[in-house]
Number of protein chains: 2
Amino acid sequence: MGNRFIDKLKSYGVLDTADASALEAATARSQDYGAKADLIREGDRPGPVFVILEGWACRYKVLPSGTRQVTAFLMPGDCCDLHVGLLAEMDHTIQTITQAKIATIGREEMDRLMDAHPKVARAMYIAQLIDEGIMRAWITSMGRRTSIERAAHLICELYLRAANIGLVSNAELILPLSQLVLADALGMTPVHLNRVLKELKLQAAVSLQRGKLMITDPAKLMRIAGFDENYLHRRLRVA
Amino acid sequence: MGNRFIDKLKSYGVLDTADASALEAATARSQDYGAKADLIREGDRPGPVFVILEGWACRYKVLPSGTRQVTAFLMPGDCCDLHVGLLAEMDHTIQTITQAKIATIGREEMDRLMDAHPKVARAMYIAQLIDEGIMRAWITSMGRRTSIERAAHLICELYLRAANIGLVSNAELILPLSQLVLADALGMTPVHLNRVLKELKLQAAVSLQRGKLMITDPAKLMRIAGFDENYLHRRLRVA
DNA sequence: CGTGTACTTGACAAGAGTCAACACCAGTGG
DNA sequence: CCACTGGTGTTGACTCTTGTCAAGTACACG
């Protein structure tokens, strides 16, 4: 399986073997979670950095009315919230979507690791900057894209992020995201999302299985979304 | 006038005089901008960190259709994009809204400053974490709040952020934001925002001047917004 | 005093939510 | 082995929010 976290950081800049083995050591102990398990809840005191080794998770907030908004998807290789230990409490919940294997890195350990391995620190900062770019793209989607564009845009994003970590084969990606979860991320009702996906299917851009979504024509999807991948920063500054 | 940037960082943790004077030195040279001046554009190569000393600015993205989405407001004391120099290009534009006085801190200078002053580094990280929390709150607003709630929520946020840096007096804040800009931030049309603000005015929560918005009853506004300030992290972990 | 930009209002159209019913499937326990 | 159950997906009819278009008003500025 390999360690997708290390693979991802390597894609942000060369790591030497010492860097890689330090990361390997830091993520050696991992824990298995079932689907829909909270890693940390809104209001909790922040703890260690989570590193998703396998499976999918998401961040979300719940409103007084009980409705839910997913604010980010986490896939293998993603990690959350460098320095978050500086805050008194979490402003959102992090929950697994599927079964997942997750490592944690304590705050002091992470500080030491980044001090001793500047190239790792650099890669971690890049990962954080990209996550911020993704949030800006989500705000833009929610504010100014139609529901079809918005759905297509999210799926494009997930496709490219997954491709970066080798989750895509034959230009196909299987997303283990239910329509309920997608609707909570896209800020629409499940009913409406269902109609939107039907339309995308009609245009032969995606296909639907029960509970899974398969992307059959990424190029067409990008055209529908008006997708510009610049915010994923796959082209990085050469050092 | 003082240096609102330093004041803000001080509110995130004690800084000693050496820390403060280093920050003072780093922001001593500032530049004046007129309204609607680009600091940096989408596609540009990232440069130094910008520090807003006076005036207001915003980040925005433009879609192929030409519509605009504001993704963040920057007020005095705010700074942008620690480590952004690691990326090859900006994924959004930063533009002044009003006349503004803005300092820049080069990447190496900032690295040196943070190395030599851990308390400054700590405060900068907190500022960044809060900015991320704000983005999550925006995503949540756009996805799951009605237009009235959303407008009220944004105004609450700006009110509290402004209060933190001493911009509020007599529970009143004057926002130099046009309805066009607010509409671009809230993901609605100016026409609709106008009606929403009229409704908020009717409920005596805000009052409107041409081009300026005055917040007269923050408490009522918070009730309308269902506002929970946790995401602004005003209560920080004690070190 | 004219001109441009922002704000305001009304009438109408389009998009998205709501409600309700039903289909489908996986897992459970009898 | 089958009926039951709960979660998810699907569809239709209807409502309501929001966008669109168009016209007009009010300032600020040169």
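By convention in this document, chain letters (A, B, ...) are assigned in the order of the sequence lines, proteins followed by strands, and residues within each chain are numbered from 1. Computed over heavy atoms, backbone and side chain alike; hydrogens, waters and symmetry mates excluded.
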To the nearest Å, how far apart are [X] [atom1] and [N] [atom2]?
{"X": "M142(A)", "N": "dA16(C)", "atom1": "CE", "atom2": "P", "result": "12 Å"}
{"X": "L177(A)", "N": "dG9(D)", "atom1": "CG", "atom2": "C1'", "result": "15 Å"}
{"X": "L208(B)", "N": "dA6(C)", "atom1": "CG", "atom2": "P", "result": "16 Å"}
{"X": "K212(B)", "N": "dA26(D)", "atom1": "NZ", "atom2": "C1'", "result": "16 Å"}
{"X": "L180(A)", "N": "dG6(D)", "atom1": "CG", "atom2": "P", "result": "16 Å"}
{"X": "L202(B)", "N": "dT9(C)", "atom1": "CG", "atom2": "P", "result": "11 Å"}
{"X": "Q209(B)", "N": "dC7(C)", "atom1": "CD", "atom2": "P", "result": "12 Å"}
{"X": "L197(A)", "N": "dT11(D)", "atom1": "CG", "atom2": "P", "result": "12 Å"}

Please check if any side-chain donor atom of [X] sits under 3.5 Å from a side-chain acceptor atom of [Y], or the reverse.
{"X": "T71(A)", "Y": "H92(A)", "result": "no"}
{"X": "E132(A)", "Y": "Q128(B)", "result": "yes"}
{"X": "N164(A)", "Y": "S11(A)", "result": "no"}

Most 5' of R150(B) and K198(A) on DNA chain D, judged by nearest nucleotide: K198(A)
side-chain N/O Q179(B) vs dT8(C) OP1/OP2, d < 4.0 Å: yes
Side-chain N or O of S178(B) closer than 4.0 Å to phosphate OP1/OP2 of dA6(C): no
Salt bridge R235(B)-E89(A), side-chain N to carboxylate O under 4.0 Å: yes
Salt-bridge present (E157(B), R161(B); N to O < 4.0 Å): yes
Whether F227(A) and H153(A) hold their rings parallel, tilted or perpendicular, with breakpoints at 30° and 60°: tilted
Positions of residues 187-195 of chain A (non-hydrogen atom under 4.0 Å from DNA chain D), listed by number: V191(A), N194(A), R195(A)
Flag, side chain of R150(A) to backbone of R145(A), donor-acceptor distance under 3.5 Å: yes
Sugar-phosphate only, base, or nothing, as touched by K201(A) at under 4.0 Å among non-hydrogen atoms: nothing
